[in-house]
Amino acid sequence: MDSLDLSFRFEPSADAAEFSGYAVIWGERNSHGEIVERGAFTKTLAAHRSAGTKPVMFWSHNRDDIIGVWDEIREDEKGLLVRGRLLTEISRGREVHEMMKAGAVNGLSIGFRVPPGGEERRSGIRHLRQIDLVEISVVGLPSAGRARITSVRSSGRSTESAAAFIDACRKATCALVSKGK
């Protein structure tokens with residue numbers, strides 16, 4: 001009889017309460033009648049890098065509720081990709097993390113200014129070509145419907161990767177069982 005010895009080790013990690021998603025999706029019209037165009041954040045992200053700053057992470061645009069820090073903010077082909085981590089040492093950070101893990105909260109929203117010449121109005125829609133990014137909030141109801149958190153990590157494990165791991169274990173078990181017959 002063939003046998004297979006496996007061992008698993010699970011450890012908490014320093015990356016607990018990390019999450020990622022898209023704060024903006026290019027070309028999506030939000031509830032304020034605005035569309036952010038690709039490249040709108042190029043100057044503001046360069047200015048933040050040059051100054052050694054990052055936009056603030058708020059809970060629902062509340063300036064009194066800083067809940068975490070942004071580790072990465074960049075434009076890609078889809079939109080404004082963000083990766084951050086909640087400060088679980090503070091009560092609001094823990095609360096938001098629990099809501100994220102449960103799927104109760106998964107929205108993102110930006111707070112910004114538009115510099116002169118940074119917008120164009122066409123057919124009643126405000127097209128944003130340049131934005132000074134001030135903050136990115138975790139929210140329950142985002143203005144842009146697809147501005148969402150796409151993965152949440154807890155104790156070093158992504159919710160997406162945990163599901164993939166469980167699925168792989170089931171498939172391996174089925175393969176081993178059918179091989180043994």
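All residue numbers in this chain count up from 1 along the given sequence. Since this is a predicted model, take the numbers as computed values, not measurements.
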Nearest-0.5 Å distance, [atom1] of residue [X] to [atom2] of residue [Y]:
X	Y	atom1	atom2	value
Asp64	Arg92	CG	CZ	10.5 Å
Gln130	Glu120	CD	CD	13.5 Å
His97	Leu86	NE2	CG	6.5 Å
Ser151	Asn106	OG	CG	12.0 Å
Ser60	Ile67	OG	CD1	8.0 Å

Sidechain-backbone polar pair: [X] side chain, [Y] backbone, donor-acceptor under 3.5 Å:
X	Y	answer
Thr44	Leu133	yes
His48	Ile73	no
Thr88	Gly93	no
Glu119	Glu34	no
Arg129	Gly117	yes

Is it true that [X] and [Y] fall in one hydrophobic cluster, defined by side-chain heavy atoms closer than 4.5 Å?
X	Y	result
Val114	Val24	yes
Phe58	Val96	no
Leu87	Val56	no
Ile35	Ile25	no
Ile66	Met100	no

Should we count CZ of Arg113 as having more than 12 external heavy atoms under 6.0 Å? no

Taking all non-hydrogen atoms of both residues, which atom of [X] and which atom of [Y] are closest, and how far apart?
X	Y	result
Val138	Val105	CG1-CG1, 3.6 Å
Ser143	His32	OG-CD2, 3.0 Å
Val152	Ile149	CG2-CG2, 3.8 Å
Ala23	Ile136	CB-CG2, 3.9 Å
Met57	Val69	CE-O, 3.2 Å
Ile110	His61	O-CE1, 3.6 Å

With a 4.5 Å heavy-atom cut-off, do [X] and [Y] have their side chains touching?
X	Y	result
Thr150	Ser20	yes
Glu95	Glu98	no
Tyr22	Arg146	no
Thr42	Glu75	yes
Trp59	Val139	no
Arg85	Phe19	no

Side chain to side chain donor-acceptor pair (under 3.5 Å) assessment of Glu135 paired with Ser137: CA-CA 6 Å; Glu135 58 98 358; Ser137 285; 2.7 Å; yes

salt_bridge(Asp71, Arg83) N-O dist < 4.0 Å: no

Output every pair passing salt bridge (charged side-chain N to carboxylate O under 4.0 Å, His left out) with a member in residues 35-49, not counting sequence neighbours, ordered by first then second residue. Glu37-Arg122

Once you measure the plane-to-plane angle for Phe41 and Trp26, does it fall in the parallel (<30°), tilted (30-60°) or perpendicular (>60°) bin? tilted

